[in-house]
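In this chain, residues are counted from 1 in sequence order.
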Amino acid sequence: IRARDENLICVGVIPGPKKPMNMDSFLYPMVEELQLLGIGVTAFDSCTQTEFTLRAHIISVFGDMPAISTLMHTKGVNALCPCRSCTIKGVRAPSGSTLYYPLRIPKLLPGQRAKRSLNPLRLPMRTEESYEQQVLEIERATNNQVQQEARKQSGINSRSILSQLPSISFPWSFGLDAMHLFFEN
C-alpha cells in the first residue's frame, strides 16, 4: 500500500551515484516547513468559502537501507550494531575483519567473552527512549575517544535533523526495505 502512487507524496529524490556529504542540508527546508505545518497555517476552503487551520505531519520515512541509514544518521549494515530496529551486535569472523550477526553464538575463541543466544521472536528492540538516550550519550561525550566508542556500540553517528519533527518516532517511523531484506541476499 505504501508504494502505490496515490499514497505517496515524494518530497525529493537525490540521484546517485554518490550520496550527499551532508543530507541534513537537503532536508533543512522541508523540516522547517513541516515544523510550521505542524503548528498550523491558515488556508482557504474554496468549497465552503471559509478559512481553516491546515496542519500536516510526516509519520513515515522510507527508502532503501543505505538511504535510511543516512537519514537516521546510523552506521549502516556493516557496523557492530547495524540494525535500526534492534540492538543485535556483530561477531567478528575468526579469520578476518568481517562482522556477522548470528542468533546462536558460535564457540568462543581465545579472548572472546560469552554472549547469549537470541530468540528471533524476542530480539532486544530499540525504543524511542533508548534511541534518544544513545544519542544523548554521543552528544555528551567528554572527548572524541568516548564519543567514537559510543557511536560504535550504539550504531548511531549523531542526531538526525528529522528528530526535530515531533511526529517522527525513532526508529519506528522508518519503514523496512523489502527489496534488500528479502530479494537481495
Participant: With a sphere of 6.0 Å drawn around OH of Tyr28, does it hold more than 12 non-hydrogen atoms of other residues, nucleotides or ligands?
Facilitator: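 Incorrect, the count does not exceed 12.
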Participant: Will you find, in the side chains of Ser130 and Thr127, an N or O donor that is under 3.5 Å from an N or O acceptor?
Facilitator: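 Yes, side-chain donor-acceptor contact under 3.5 Å.
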Participant: Could you check whether any side-chain heavy atom of Thr53 comes within less than 4.5 Å of a side-chain heavy atom of Val41, counting everything from C-beta outward?
Facilitator: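 Side chain of Thr53 against side chain of Val41, heavy atoms only: no contact under 4.5 Å found.
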Participant: Can you sort out the partners of Ser158 under side chain to side chain donor-acceptor pair (under 3.5 Å), two or more places apart, ordered by chain and number?
Facilitator: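 Per chain and number, Ser158 pairs via side chain to side chain donor-acceptor pair (under 3.5 Å) with His73.
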Participant: I'd like to know if Leu103 and Tyr101 are part of one continuous hydrophobic network [Ile/Leu/Val/Met/Phe/Trp/Tyr, side-chain heavy atoms within less than 4.5 Å].
Facilitator: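 Yes; Leu103 is reachable from Tyr101 via cluster members.
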Participant: Just so I know, are the side chains of Ser85 and Phe174 near enough to count as touching, which here means a heavy-atom distance under 4.5 Å?
Facilitator: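 With C-beta onward as the side chain, the pair stays apart.
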Participant: Does Leu80 reach the side chain of Gln153, with side-chain heavy atoms less than 4.5 Å apart?
Facilitator: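 Sidechains of Gln153 and Leu80: in contact.
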Participant: When you measure from the side chain of Ser69 to the backbone N and O of Met65, does any donor-acceptor pair fall under 3.5 Å?
Facilitator: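 Such a contact is found between Ser69 side chain and Met65 backbone.
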Participant: Is there a donor-acceptor pair closer than 3.5 Å between any side-chain N or O of Arg55 and the backbone N or O of Leu37?
Facilitator: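 It does not hold such a pair.
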Participant: Sequence neighbours excluded, which residues qualify as side chain to side chain donor-acceptor pair (under 3.5 Å) partners of Ser167?
Facilitator: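 Applying side chain to side chain donor-acceptor pair (under 3.5 Å) to Ser167 gives none.
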Participant: Say whether, by atom type as modelled, one donor and one acceptor occur between the side chain of Thr87 and the main chain of Pro124 under 3.5 angstrom.
Facilitator: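 Indeed, once roles are kept as given, a pair shorter than 3.5 Å links the two residues.
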Participant: Taking the side chain as every heavy atom from C-beta outward, state whether Asn143 and Gln147 have any pair of such atoms under 4.5 Å apart.
Facilitator: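 The answer is no; the side chains never approach within 4.5 Å.
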Participant: Can a side-chain donor-acceptor contact be found between Gln134 and Arg126 if the only test is distance below 3.5 angstrom?
Facilitator: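 A donor-acceptor contact under 3.5 Å links the two side chains.
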Participant: Just by modelled atom types, is the Phe170 backbone N or O under 3.5 Å from a matching donor or acceptor in the Ser173 side chain?
Facilitator: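 Side chain of Ser173 to backbone of Phe170, a donor-acceptor pair under 3.5 Å: no, none is there.
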Participant: Assess, by modelled atom type and distance only, whether the side chains of Glu149 and Gln145 contain a donor and an acceptor separated by less than 3.5 Å.
Facilitator: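 Checked: Glu149/Gln145 side chains show no N/O donor-acceptor pair below 3.5 Å.
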Participant: Backbone N or O of Val135 within a donor-acceptor pair of the Arg140 side chain at under 3.5 Å?
Facilitator: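 Looks like no, no N/O pair under 3.5 Å.
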Participant: In this structure, would Ile168 and Leu136 fall into the same cluster of hydrophobic residues linked by side-chain contacts under 4.5 Å?
Facilitator: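 Cluster IDs for Ile168 and Leu136 differ.
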